[in-house]
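Owing to the predicted nature of the structure, the values given are computational and were not obtained by experimental measurement.
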Amino acid sequence: MEQTAIQIPAPPAGDFKILHQDGAARCGILQTAHGAVRTPIFMPVGTAGSVKGIAPDDLAAMGAEIILGNTYHLYLRPGDELLAELGGLHAFNAWHGPILTDSGGFQVFSLSDLRKINEEGVTFRSHIDGSKHLFTPESVIRVQRNFNSDIMMVLDECVAYGTDRAYTEKSVELTARWAARARAAYPKGAGRNLLFGISQGGFFKDLRERSIAQIAELDFDGNALGGLSVGESKAQLMDFLYYSAPLLPAHKPRYLMGVGTPFDIINGIAAGVDMFDCVLPTRNARNGTLYTSLGKVNIKRREYANDESPLDPACSCYTCRTFSRAYLRHLHVAGEILSYRLNSLHNLTYFLDLVRGARAAIAQGTFAEYKSEVESIYPEELAQAYAE
RNA sequence: GGAGCAGUAGUUAAGACGGUUAUAACGCUGGCCUGUCACGCCAGAGGCCGAGGGUUCGAGUCCCUUCUGCUCCG
């Protein structure tokens, strides 16, 4: 038989194939302009174009497949036009894998004292210099295209926990109109940058359902669940997660924005979510809370002062292979910069291993066992999830 | 030898007229962190106010003695 070089064209960006299914959990592969992403996936957060304390080679070594950037931060500094001029965010920060950029919708929520929302968009003040800016559904697409983001997010309004039904309903409608404008500004197939829609709805199930239907209708490349983990109880988070996730279109990637703890992520996967991002592994790393196969470890505790054992004996990251808990405690207590890097390296490895393990379990049809194994590491959250 | 200043939490310091459980920062101990305004936030434990005596209803605060440190003058 003759050896012929067969050119297999890469699937087009946006192509999403589900390879395995185990209950509602699925394992798939999403194509982007900068490569494929295996799902379920955890995306390290690099708000200002850098995963704090972690260089791209470390990210690659730990098996990160896609990272996040933030439109709000990168637009303010260094600016989207400069990034376009310098060849986009990938050329700028030397991460050549896929990048998802959040739209700034969350900052509309988290920087609430600095902004004003109307039909046109959101006016806000820069947290850096106080200058005034306007984000619209259209401008946010333009900015993200200047970044050359692989997955762009539409502008949405994320309402605070406890917002009443009347406002939440108005907000859902506004988010839907903004989504439609985003879609019009970037029609399907207009480019290789993917565009994901975001559903909201606060803590009202009918509004969640309505929002998801409105967003689904616009035929985005993927669909996100927004506005969760904003201060509600663990039980409420679980309730809304398991209610909402199955309503998102099944044949497209589902993204649970900003969530969460290992417990949340494993439950998100169980509910049928494919993508997660969260600042917890990196922020907590910097603040001394480390996730391990033995549970959460607050490395600054005195009990670790003379602990020669590795942080997590089951982990194969550089930090766990090389240093003792005693040294990691010292670095943290002494405020050494290396502490941030080593801790972040470990926590991100832990989160990436978690989803890697989930993919393998789904493929083998053993996800339920895997899930209860992970949950048993976090008994407090498990108890809270079933608390009334 | 004389004069001045200072001795208050582990540390550095606040404590007008003497008046309820003596402050703060840092440190220490513990907790928190969910689309990063986040090397951040919250809480807690630490003090016979150098020692002794006196005045006073009441003294960290006033008076005397004493000890220690620093500075200056001889």
S.K.: Paired with A24(B): which nucleotide, if any, by Watson-Crick or G-U wobble criteria at under 3.5 Å for both distances?
M.R.: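 Because both required distances fall under 3.5 Å, A24(B) counts as paired with U12(B).
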
S.K.: Need one value for L68(A): base, sugar-phosphate or nothing, where a base atom within 4.0 Å counts as base even if backbone is also close, heavy atoms only.
M.R.: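 L68(A): backbone/sugar contact only, no base atoms under 4.0 Å.
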
S.K.: Indicate, with yes or no, if I18(A) and Y255(A) share a hydrophobic cluster defined by side-chain heavy-atom contacts under 4.5 Å among Ile, Leu, Val, Met, Phe, Trp and Tyr.
M.R.: yes

S.K.: Checking understanding here: a glycosidic angle within 90° of 0 is syn, the rest anti, so what is G46(B)?
M.R.: syn

S.K.: Take atom CZ of R77(A) and atom C1' of U36(B), then tell me their distance rounded to the nearest Å.
M.R.: 13 Å

S.K.: Counting just side-chain N and O atoms, does Q107(A) come under 4.0 Å of either OP1 or OP2 of G35(B)?
M.R.: no

S.K.: Under 4.0 Å between a Lys/Arg side-chain N and an Asp/Glu carboxylate O for D274(A) and K252(A)?
M.R.: no

S.K.: Considering residues, nucleotides and ligands other than E119(A), do more than 12 of their heavy atoms fall under 6.0 Å from its CD?
M.R.: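 Yes, CD of E119(A) has more than 12 neighbouring heavy atoms, counting only those of other groups under 6.0 Å.
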
S.K.: With a 3.5 angstrom cut-off on both distances, give the Watson-Crick or G-U wobble partner of A3(B), or none if there isn't one.
M.R.: U71(B)

S.K.: Checking only heavy atoms, does the side chain of Q200(A) share a donor-acceptor pair with the base of G35(B) at less than 3.5 Å?
M.R.: yes

S.K.: Quick one: label G227(A) by what it contacts on the DNA or RNA (base, sugar-phosphate, nothing), any heavy atom closer than 4.0 Å.
M.R.: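 The answer is base, as G227(A) lies within the cut-off (heavy atoms under 4.0 Å) of a base atom.
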
S.K.: Tell me whether R329(A) is salt-bridged to D307(A), with the criterion being a basic N under 4.0 Å from an acidic carboxylate O.
M.R.: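 Answer for the salt bridge query: no.
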
S.K.: So D277(A), base contact, sugar-phosphate only, or nothing? Heavy-atom distance under 4.0 Å.
M.R.: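 Here D277(A) touches the backbone only, sparing every base.
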
S.K.: What distance, rounded to whole Å, do you find between the two P atoms, one in C33(B) and one in C42(B)?
M.R.: 15 Å

S.K.: Give me the distance, rounded to whole Å, that separates G40(B) from U61(B) when you measure between the P atoms they each carry.
M.R.: 39 Å

S.K.: Considering only atom P, compute the distance from G74(B) to C63(B) and round it to an integer number of Å.
M.R.: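 That atom pair is separated by 29 Å.
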
S.K.: Could you work out the separation of G47(B) and A9(B) based on their C1' atoms and round it to a whole Å?
M.R.: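 G47(B) and A9(B) have their C1' atoms separated by 5 Å.
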
S.K.: If you compare every side-chain N and O of S229(A) against the phosphate oxygens of U34(B) (OP1, OP2), does one of them come in below 4.0 Å?
M.R.: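 No, because none of the side-chain N or O atoms of S229(A) sits under 4.0 Å from OP1 or OP2 of U34(B).
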
S.K.: Give me the distance, rounded to whole Å, that separates C62(B) from G19(B) when you measure between the C1' atoms they each carry.
M.R.: 14 Å

S.K.: Under 4.0 Å: is that the gap between some side-chain N or O of R301(A) and OP1 or OP2 of G31(B)?
M.R.: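 For G31(B), OP1 or OP2 has a side-chain N or O of R301(A) closer than 4.0 Å.
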
S.K.: Which base sits across from C17(B) as a Watson-Crick or G-U pair, both distances under 3.5 Å?
M.R.: none

S.K.: Nearest 0.5 angstrom please: N93(A) CG to W95(A) CH2, how far?
M.R.: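 Output value for this atom pair is 9.5 Å.
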
S.K.: Using atom P of each nucleotide, how far apart are G10(B) and U20(B) to the nearest Å?
M.R.: 24 Å

S.K.: Can you identify which nucleotide, out of A38(B), C32(B), G35(B), has its nearest atom closest to the C158(A) side chain?
M.R.: G35(B)

S.K.: Name the residue closer to the 5' end of RNA chain B, choosing between M257(A) and E303(A) according to the nucleotide with the nearest heavy atom.
M.R.: E303(A)

S.K.: Is the distance from OP1 or OP2 of C37(B) to the nearest side-chain N or O of S110(A) less than 4.0 Å?
M.R.: yes

S.K.: Scan V333(A) against the nucleic acid and name what it touches under 4.0 Å (heavy atoms): base, sugar-phosphate only, or nothing.
M.R.: sugar-phosphate

S.K.: Select base, sugar-phosphate, or nothing to describe what T289(A) touches, counting heavy atoms under 4.0 Å on all strands.
M.R.: base

S.K.: How close or far is atom P of C33(B) from atom CD of E232(A), stated in whole angstroms?
M.R.: 13 Å

S.K.: Taking the P atom of each, how far is G58(B) from G18(B), in whole Å?
M.R.: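 The same atom, P, in both gives a distance of 15 Å.
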
S.K.: Are OP1 or OP2 of U29(B) and a side-chain N or O of R329(A) less than 4.0 angstrom apart?
M.R.: yes

S.K.: For D206(A), is there an ion pair with R165(A) - N to carboxylate O distance below 4.0 angstrom?
M.R.: yes

S.K.: With a cut-off of less than 4.0 Å, is there a side-chain N or O of K234(A) near OP1 or OP2 of U34(B)?
M.R.: no

S.K.: Between R283(A) and U34(B), does any side-chain N or O lie under 4.0 Å from OP1 or OP2?
M.R.: yes

S.K.: Scan D277(A), I151(A), L30(A), L59(A) and name whichever one has a side-chain contact (heavy atoms from CB on, under 4.5 Å) with I66(A).
M.R.: I151(A)

S.K.: Assess whether a salt bridge exists between D239(A) and K205(A), defined as any Lys/Arg side-chain N lying under 4.0 Å from an Asp/Glu carboxylate O.
M.R.: yes

S.K.: Please name the nucleotide paired to C41(B) by Watson-Crick or G-U wobble geometry with both distances under 3.5 Å, or report none.
M.R.: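 Across all strands, the one nucleotide that pairs with C41(B) is G31(B).
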
S.K.: With a 4.0 Å cut-off on heavy atoms, is N70(A) in touch with a base, just the backbone sugar-phosphate, or nothing at all?
M.R.: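 Sugar-phosphate, no base atom in range.
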
S.K.: Taking atom types as they are modelled, is there a donor-acceptor pair under 3.5 Å from the base of G31(B) to the side chain of K296(A)?
M.R.: no

S.K.: How is T282(A) classified with respect to the nucleic acid when contacts are heavy atoms under 4.0 Å: base, sugar-phosphate, or nothing?
M.R.: base

S.K.: What's the gap between C28(B) and C37(B) when it is taken at their C1' atoms, as a whole Å value?
M.R.: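 So the two C1' atoms sit 29 Å from each other.
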
S.K.: Under a 3.5 Å cut-off for both contacts, is A51(B) paired Watson-Crick or G-U wobble with anything, and if yes, with which nucleotide?
M.R.: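 With both distances under 3.5 Å, A51(B) matches U65(B).
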
S.K.: Once you apply a heavy-atom cut-off of 4.0 Å, does R302(A) come out as touching a base, just sugar-phosphate, or nothing?
M.R.: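 It contacts sugar-phosphate atoms only.
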
